[in-house]
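Keep in mind the model is a prediction, meaning the values are calculated, not measured. In what follows, chains are A, B, ... by sequence order, proteins preceding strands, each numbered from 1.
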Amino acid sequence: DVKVTQSSRYLVKRTGEKVFLECVQDMDHENMFWYRQDPGLGLRLIYFSYDVKMKEKGDIPEGYSVSREKKERFSLILESASTNQTSMYLCASSLPRGHSNQPQHFGDGTRLSIL
Amino acid sequence: AQKITQTQPGMFVQEKEAVTLDCTYDTSDQSYGLFWYKQPSSGEMIFLIYQGSYDEQNATEGRYSLNFQKARKSANLVISASQLGDSAMYFCAMREGRVTGGGNKLTFGTGTQLKVEL
């Protein structure tokens, strides 16, 4: 069975901290994605990666960076956390283009609170 | 730019009845795909159904069907025989058709909160 695992379900951090959100998938997928979900706004793409060490900005990359050193792992980094980054963060993975009818598979999400 | 619109923030349906969740989209691509996901209160995103822009038949998966009207750019989700467990947030999403380095990016709507009542 496919599995995307996010390291924490709930996380509380302080403003100014550097925050790491980790995501691991066991499906050997090339594509991995980070979204944030806010009420009334749906899911918005922060960054995605289509190969190891490759990344592209999504719609709202400001204040975030990512790292993909291994195929199975995709990390989201909040360089200096701010209260407006309090949100639900969702990681997903998928097969590459050429498999466009295949869905993205999501982790359970991390509810991040910045105090 | 692509856009997905879900105009129903919340809906109620009685158990065992059918319900339609609306989704309209805007794209200039000829090739694209439409997905529906379910998100229960526990937070995980569950893939329900997919429709490709060139698919001639409307997609069906069990109690879920997709009413795809290409000319009207709508891709409504129909849930038949609603169950209490169908209470959740439902998201419509579109995959862009342009071949980019990543491909397979999804643009999501704002979601519809469905509540199934006895």
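- Only the side chain of B:Q39 comes within contact range of chain A, with at least one heavy atom under 4.5 Å from a heavy atom of that chain.
- Looking at A:E30, there are no atoms closer than 4.5 Å to chain B (heavy atoms on both sides), in backbone or side chain.
- With hydrogens and angles disregarded, no donor-acceptor distance shorter than 3.5 Å links the side chain of B:T60 to the backbone of B:S65.
- Using a 4.5 Å cut-off between heavy atoms, A:R44 does not touch chain B at all.
- Looking at A:M88, only its side chain comes within 4.5 Å of chain B, counting heavy atoms on both sides.
- For B:S82 (side chain) and B:E17 (main-chain N/O), a donor-acceptor pair under 3.5 Å exists by modelled atom type.
- For the set A:P103, A:G109, A:G42, the entry with the most heavy-atom pairs within less than 4.5 Å of chain B is A:P103.
- Looking only at distances, a side-chain donor or acceptor of A:S49 sits under 3.5 Å from a matching main-chain atom of A:D51.
- For the pair A:V24 and A:K3, the minimum side-chain heavy-atom distance is 4.5 Å or more.
- Residue B:F47 holds its CZ atom at 6.5 Å from CZ of B:F35, rounded to the nearest 0.5 Å.
- Only the backbone of A:L41 comes within contact range of chain B, with heavy atoms under 4.5 Å apart.
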Carefully, step by step, assess B:Y25 and B:C92 under the rule side chain to side chain contact (heavy atoms under 4.5 Å, CB included).
CA-CA 9 Å; B:Y25 58 91; B:C92 179; over 6 Å; no
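- Across A:K55, A:H105, A:Q37, A:R111, the residue that shares the most heavy-atom pairs under 4.5 angstrom with chain B is A:Q37.
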